[in-house]
Amino acid sequence: MSREVTDTGSIESPVGVIGHVLARNRTWALRYMGGKGLAIALIGLSWIVQPSAGRAAGIEWMDLIQPWMIGGVWMLAGLWAAVASRTRALALHKVAWFGLIATPAITALYFTVSWVYALLPVDGGSQRGWITAASYVAFSMAYCVARLHLESEEISEAWGDD
């Protein structure tokens, strides 16, 4: 089911283009969520199957957390989004979008803290943790922008297009 929206805002930037397309077609937005969910699940699988030295350095400051645990959370969030994208339950969609946004954001926080540890005179940390954190923040921001555009469409629809 698709819906037309007459005013979706500026589409001068690539982010605006994504939001414009998502706001114009809810079916496409759900496919986007499902596809990104599968991508997140694959990243989680890579954390489990092939943990790298860089990833290990980024989380070594947390004694209790292992790469397979982070991978498991990524896989859970990704598979949830993929499954939720096939339903009509708005509550499941909101949880899925939260998982797509929060999972990379929290992982970015781990690597940011790891980078700060590397700057301090303590053992552990990753001197390039900020680079990995930046890439995870970019993931999170892309999902957040897509979700905000859908949210603005829902609000406009509920309150009118004044």
Side-chain angles (χ1 to χ4, degrees), residues 8-23 28-86 90-154:
T8 56
S10 172
I11 59 168
E12 295 173 359
S13 70
V15 171
V17 170
I18 292 170
H20 181 75
V21 170
L22 291 176
W28 194 91
L30 291 176
R31 288 182 186 149
Y32 178 84
M33 180 175 69
K36 292 302 179 183
L38 291 177
I40 291 283
L42 287 174
I43 291 171
L45 183 63
S46 75
W47 272 83
I48 294 169
V49 174
Q50 194 68 39
S52 67
R55 287 176 174 171
I59 62 169
E60 71 182 352
W61 61 274
M62 298 182 296
D63 294 332
L64 299 176
I65 304 293
Q66 298 297 316
W68 66 267
M69 295 174 182
I70 293 175
V73 171
W74 277 71
M75 285 189 69
L76 180 65
L79 293 174
W80 180 279
V83 170
S85 72
R86 306 300 294 167
L90 187 59
L92 294 179
H93 296 169
K94 290 185 184 253
V95 172
W97 280 106
F98 176 77
L100 290 176
I101 294 166
T103 304
I106 292 168
T107 306
L109 181 63
Y110 295 154
F111 281 93
T112 301
V113 171
S114 177
W115 173 61
V116 170
Y117 266 96
L119 298 175
L120 299 174
V122 296
D123 290 338
S126 172
Q127 292 180 350
R128 293 183 298 239
W130 70 272
I131 297 169
T132 306
S135 67
Y136 286 128
V137 165
F139 267 118
S140 187
M141 288 176 61
Y143 302 143
C144 188
V145 167
R147 181 61 200 143
L148 287 174
H149 278 282
L150 288 173
E151 195 74 31
S152 67
E153 177 193 354
E154 292 167 7

For the atom pair [atom1] ([X]) and [atom2] ([Y]), what is the distance rounded to the nearest 0.5 Å?
X: Trp97; Y: Met33; atom1: CH2; atom2: CE; answer: 6.5 Å
X: Leu100; Y: Trp74; atom1: CG; atom2: CH2; answer: 9.5 Å
X: Leu64; Y: Met69; atom1: CG; atom2: CE; answer: 7.5 Å
X: Leu38; Y: Ser85; atom1: CG; atom2: OG; answer: 7.5 Å
X: Ile43; Y: Thr107; atom1: CD1; atom2: OG1; answer: 9.5 Å

Compare every heavy atom of [Y] with every heavy atom of [X], then report the nearest pair and how far apart it is.
X: Trp115; Y: Gln127; answer: CD1-O, 3.3 Å
X: Ala81; Y: Gly37; answer: CB-CA, 3.8 Å
X: Pro104; Y: Ile40; answer: CG-CD1, 4.4 Å
X: Ile48; Y: Met75; answer: CD1-SD, 3.6 Å
X: Ser114; Y: Ser126; answer: OG-N, 2.9 Å
X: Ala96; Y: Ala84; answer: CB-CB, 3.9 Å

Can you tell me if Thr132 uses its side chain to pair, donor with acceptor, with the backbone of Phe111 under 3.5 Å? no
Applying side chain to side chain donor-acceptor pair (under 3.5 Å), which residue pairs with at least one partner in residues 37-62 are found, sequence neighbours left out? Ser46-Arg55, Trp47-Tyr136
Report yes if some heavy atom in the side chain of Trp130 is under 4.5 Å from a heavy atom in the side chain of Val116; otherwise report no.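 Sidechains of Val116 and Trp130: no contact.
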